[in-house]
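What follows is a short report on a single structure.
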Amino acid sequence: MVGTPPELERGTGVPAHVQIERWLLDSIAGGELAPGDRLPGERELAGRLGVSRMTLRQALATLERDGVLLRVPGRSGGAFVAEPPPGPRIECDLTGLAGFTEQMRRAHLRAEARILRAATVPAPAAAAVALGVPAGEPVHEVARVRSAGRSPVALERSYFPALPGLLDQDLTGSLYDLLAARYDLRPRTAVEHLDPVVAEPGDAAELGIEAGAPLMLIERTAYAAGGVPVEYALDLFRPDRVRISVRSGVTAPPAP
């Protein structure tokens with residue numbers, strides 16, 4: 001929701017409509033306004049700013065021309081914050097076993113995580129085999145939607161051995177860093193399989209895409225030093241946002 005409007009400065013040589021544009025741009029950049037948010041009506045917003053509706057419309061027209069706002073006519077319409085245009089795909093290099101957080105750091109993007117599920121569950125068959133435990137034995141399941149620049153790019157579902165206290169920790173950051181710091185189990189190597197799949201309705205809703213859209217599935221078993229299995233994961237990546245790469249003929253750098 002848009003915050004308190006600024007008190008426009010008079011006699012500075014900066015036109016009122018330009019000051020309004022800057023205020024709205026700062027509100028979007030600061031997270032006060034998000035894509036899809038509706039601005040107050042013109043009469044209300046002009047009154048709060050102390051300007052004429054013509055001056056306000058000049059500012060809104062400029063922002064609409066620049067693709068920042070989308071104006072919809074009609075009684076249920078108004079001015080809405082536009083979705084940002086899709087940027088270049090994010091490069092994710094699997095060679096060095098860097099986790100999502102580190103991959104986003106390399107791309108100069110802020111990694112975010114929304115927890116969908118964090119629970120102790122009976123190990124599914126595939127997870128049991130990967131982690132070397134009997135089927136049905138308790139393991140920790142952590143499912144998260146991962147975002148970069150506030151846009152969802154991946155859905156991660158990981159299974160871990162029943163490490164004491166794992167689910168009581170902050171699970172929104174790097175789980176690999178958590179494994180290393182708390183349990184001395186930093187993943188060092190992994191076996192990963194890539195398969196193209198289509199989005200199931202539930203996964204599509206979490207990732208903000210249409211059901212049936214293409215996704216890249218990465219099935220991974222990660223191992224700590226000594227070949228100890230510490231994670232079995234099924235990660236779904238949006239190929240329109242992420243480009244997966246693996247370097248061959250080189251020595252992989254140690255996992256950070």
Side-chain angles (χ1 to χ4, degrees), residues 1-90 100-101 103-116 144-156 170-173 199 202-211 213 237-238 240-242:
M1 180 177 293
V2 65
T4 303
E7 186 172 335
L8 301 183
E9 299 178 355
R10 311 293 180 178
T12 63
V14 180
H17 70 88
V18 173
Q19 295 183 51
I20 296 170
E21 293 163 23
R22 292 175 179 174
W23 166 59
L24 289 172
L25 287 171
D26 288 344
S27 297
I28 294 170
E32 296 175 15
L33 285 170
D37 283 353
R38 184 181 186 275
L39 269 61
E42 286 186 4
R43 185 185 303 276
E44 176 188 347
L45 190 53
R48 290 166 61 183
L49 287 163
V51 299
S52 68
R53 294 176 69 178
M54 181 177 295
T55 297
L56 175 62
R57 286 173 180 169
Q58 189 174 1
L60 298 181
T62 299
L63 294 176
E64 181 183 29
R65 183 199 64 200
D66 293 343
V68 176
L69 296 180
L70 175 66
R71 291 202 285 177
V72 179
R75 292 176 62 92
S76 60
F80 298 83
V81 179
E83 290 284 346
R89 289 193 294 172
I90 303 163
F100 183 88
T101 301
Q103 297 280 8
M104 296 306 102
R105 186 180 297 120
R106 294 175 182 177
H108 306 292
L109 294 170
R110 179 181 177 184
E112 298 177 343
R114 178 165 56 88
I115 308 297
L116 300 179
R144 310 186 295 176
V145 174
R146 305 307 306 271
S147 298
R150 296 170 60 183
S151 176
V153 299
L155 193 158
E156 300 176 339
D170 180 7
L171 302 176
T172 61
D203 296 338
E206 298 294 351
L207 291 171
I209 58 177
E210 297 290 334
F237 283 88
R238 289 178 50 174
D240 63 323
R241 296 298 320 281
V242 175

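Not measured: the values here are computed from a predicted model.
Closest approach of S147 and P152 over heavy atoms only: OG-CA, 3.4 Å. Considering every non-hydrogen atom in both F80 and G36, the closest pair reads CD2-O, 3.6 Å. For R238 against L207, the heavy-atom pair with the smallest separation is NH1-O, 3.1 Å. Heavy atoms only, all atoms of each residue included: A59 and H17 are closest at CB-O, 3.4 Å. Closest non-hydrogen pair, L69 versus V81, comes out as CD2-CA, 4.0 Å.
Taking 4.5 Å as the limit, every side-chain heavy atom of L8 sits out of range of all side-chain heavy atoms of V14. Considering only heavy atoms from C-beta on, I115 stays 4.5 Å or farther from V145 through its side chain. Considering only heavy atoms from C-beta on, E112 stays 4.5 Å or farther from R146 through its side chain. Taking the side chain as every heavy atom from C-beta outward, L24 and V68 never approach each other to under 4.5 Å. Between D203 and I209 the shortest side-chain heavy-atom distance does not fall below 4.5 Å. Under the 4.5 Å side-chain criterion, counting only non-hydrogen atoms from C-beta, L49 is in contact with W23.
Residues that satisfy the side chain to side chain donor-acceptor pair (under 3.5 Å) test with E44, not counting sequence neighbours, are R48.
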Check the pair L63, L25 against side chain to side chain contact (heavy atoms under 4.5 Å, CB included), reporting the backbone distance first and the verdict last.
-> CA-CA 9 Å; L63 294 176; L25 287 171; 4.0 Å; yes
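Checked by atom type and distance alone, the side chain of D37 pairs as donor or acceptor with a backbone atom of A34 at under 3.5 Å. Listed for the R144 side chain is a donor-acceptor partner under 3.5 Å among the backbone atoms of L171. One N or O on the side chain of Q19 and one on the backbone of E9 form a donor-acceptor pair closer than 3.5 Å. For T55 (side chain) and V51 (main-chain N/O), no donor-acceptor pair under 3.5 Å exists by modelled atom type.
The CZ atom of R71 sits 8.0 Å away from the CZ atom of R57 when rounded to the nearest 0.5 Å. Separating the OG atom in S27 from the CZ atom in R22 is a distance of 14.0 Å, to the nearest 0.5 Å.
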